[in-house]
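For reference, the structure is listed below as C-alpha cells.
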Amino acid sequence: MEAPSTGKPLRADARRNYERIMATAQAAFAELGPDVALEEIARRAGVGIGTLYRHFPNREVLIEAVYRSNIEQLSEHARELLETHTPATAYEFWLRDYVAWVIANRVLATTLKAGMDRNSPTFALCRASITDATSLLLTAAQNAGAVRPDIEPSDLMRFGHGIGVACETVPEAAERMIDVTLAGLRAESA
C-alpha cells in the first residue's frame with residue numbers, strides 16, 4: 001500500500017493515516033459498496049475528513065488507489081505462490097484466488113472502469129501487472145507439463161473473470177466451476 005509519490009517522503013504520521021484510510025476504504029467498499037460516504041471512511045479510519053481529502057482529493061482517486069493496491073497485492077501473491085509451491089499447485093491456487101478476488105471486487109472494478117480511460121496510466125499499470133503475474137504462473141505450469149501449451153495468460157484471466165462474475169450471487173458454485181475449468185486446462189500428460 002504505497003502512498004503516491006509526491007517527490008518527498010511522507011512523515012510517519014501521514015504514512016500511517018494513508019495506510020489506515022486505504023485499509024478502511026477497502027473494507028468499507030467491500031461492505032457498503034463504492035458509494036459509501038467518504039465521511040464514513042474517515043470516521044472508521046479515525047481521521048478527519050480533511051486528512052482523507054489531503055491524500056485523496058475525491059472518491060475516484062480513492063477508488064483508483066484501492067483498486068491499484070488490490071491488483072498489486074494479487075500480483076505479488078502470484079509470485080509468492082510460485083516461490084512456495086510447485087508450478088501446478090501455484091497455478092491452481094492462483095486461479096482460485098483470482099476468482100475470489102473477482103467476486104469480492106467486481107463492483108469496485110466496474111465502478112472504476114466506468115469512469116476511467118482505458119489508456120490511463122493506472123489502467124495500463126494494473127493490466128500489465130495482472131497479466132505479468134498470470135503469465136509467470138501459467139508459463140511455469142506449462143513448462144512443468146501441467147497445463148495445455150495452447151493456453152494463453154488472457155485465456156486464464158477470462159476463465160477466472162467469467163467464473164467470478166457467474167458466481168457472484170452463488171459463490172458456493174465457484175469451486176465446482178474452477179475444478180471443471182482446471183480439468184479442461186490440464187495437459188494430456190498430466
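Index from 1, following the sequence.
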Hey, can you pull the donor-acceptor pairs under 3.5 Å for the side chains in residues 165-176, sequence neighbours left out?
unit_1, atom_1, unit_2, atom_2, d
Glu168, OE1, Arg106, NE, 2.7
Glu168, OE1, Arg106, NH2, 2.8
Glu175, OE1, Arg96, NE, 3.3
Glu175, OE2, Arg96, NE, 2.6
Glu175, OE2, Arg96, NH2, 2.7

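- The CD atom of Glu60 sits 12.5 Å away from the OG1 atom of Thr122 when rounded to the nearest 0.5 Å.
- Leu138 approaches Tyr91 most closely through the heavy-atom pair CD1-CE1, 4.3 Å.
- Summarising the geometry, atom CG belonging to Asp132 is positioned 11.5 Å from atom CZ belonging to Arg127; distances are rounded to the nearest 0.5 Å.
- In this structure, the separation between CD1 on Ile130 and OG on Ser135 is 12.0 Å, given to the nearest 0.5 Å.
- Hydrophobic clustering of Ile, Leu, Val, Met, Phe, Trp and Tyr side chains at less than 4.5 Å, counting indirect connections, keeps Val180 apart from Leu182.
- Under the 4.5 Å side-chain criterion, counting only non-hydrogen atoms from C-beta, Leu82 is not in contact with Trp94.
- At a threshold of 4.0 Å, the pair Arg43-Glu40 counts as salt-bridged, since one of the basic side-chain nitrogens sits closer than that to a carboxylate oxygen.
- Placement of Leu136 and Leu125 in two distinct hydrophobic clusters is found when ILVMFWY residues are connected by side-chain heavy-atom separations under 4.5 Å, directly or transitively.
- Residues Pro153 and Thr134 share a closest heavy-atom pair of O-CG2, 3.7 Å.
- Salt-bridge annotation for Glu92 and Arg186: present, with a side-chain N of the basic residue lying under 4.0 Å from a carboxylate O of the acidic one.
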Only distances under 3.5 Å count here; give the side-chain donor-acceptor pairs of residues 21-28 to other protein atoms, sequence neighbours excluded, each with its distance to 0.1 Å.
unit_1, atom_1, unit_2, atom_2, d
Thr24, OG1, Arg20, O, 2.7
Gln26, NE2, Asn70, OD1, 2.9

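- With contacts defined as side-chain heavy-atom distances shorter than 4.5 Å, the pair Ile41/Phe29 qualifies.
- With rounding to the nearest 0.5 Å, the separation of CG in Asp155 from CG in Asp150 is 8.0 Å.
- Ring geometry for Tyr67 versus Trp101: interplanar angle of 30 to 60°, hence tilted.
- Between the CD atom of Glu80 and the NE2 atom of His85 there is a distance of 11.0 Å, given to the nearest 0.5 Å.
- A salt bridge is absent between Glu152 and Arg158; no separation between the charged side-chain nitrogens and carboxylate oxygens falls under 4.0 Å.
- Listed for the Arg59 side chain is a donor-acceptor partner under 3.5 Å among the backbone atoms of Val36.
- Note that SG of Cys126 and CD of Glu72 are 7.0 Å apart. Values are rounded to the nearest 0.5 Å.
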Test side-chain contact (heavy atoms from CB on, under 4.5 Å) on Tyr18 and Phe56 and set out the steps.
CA-CA 9 Å; Tyr18 178 89; Phe56 307 99; 3.2 Å; yes
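- Here the closest non-hydrogen pair linking Ala146 and Ala88 is CB-CB, 3.5 Å.
- For the pair Leu74 and Asp97, the tightest heavy-atom approach, listed with the atom from each and the gap, is CD1-O, 4.4 Å.
- Residues His55 and Asn17 have side chains that never bring a donor and an acceptor to within less than 3.5 angstrom of each other.
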Can you list the steps and then say if Phe159 with Leu185 is a side-chain contact (heavy atoms from CB on, under 4.5 Å)?
CA-CA 10 Å; Phe159 282 126; Leu185 296 175; 3.6 Å; yes
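- There is a side-chain donor-acceptor pair under 3.5 Å between Ser69 and Gln73.
- Using modelled atom types, one finds a donor on one side chain and an acceptor on the other under 3.5 Å when comparing Thr86 with Thr89.
- Closest approach of Met177 to Ile163, counting heavy atoms only: O-CD1, 3.9 Å.
- Counting only distance, with no hydrogens or angles, the side chain of Gln142 and the backbone of Arg148 share a donor-acceptor pair below 3.5 Å.
- Taking the side chain as every heavy atom from C-beta outward, Asn58 and Tyr53 never approach each other to under 4.5 Å.
- Nearest heavy-atom pair across Leu95 and Gly160 is CD1-CA, 3.8 Å.
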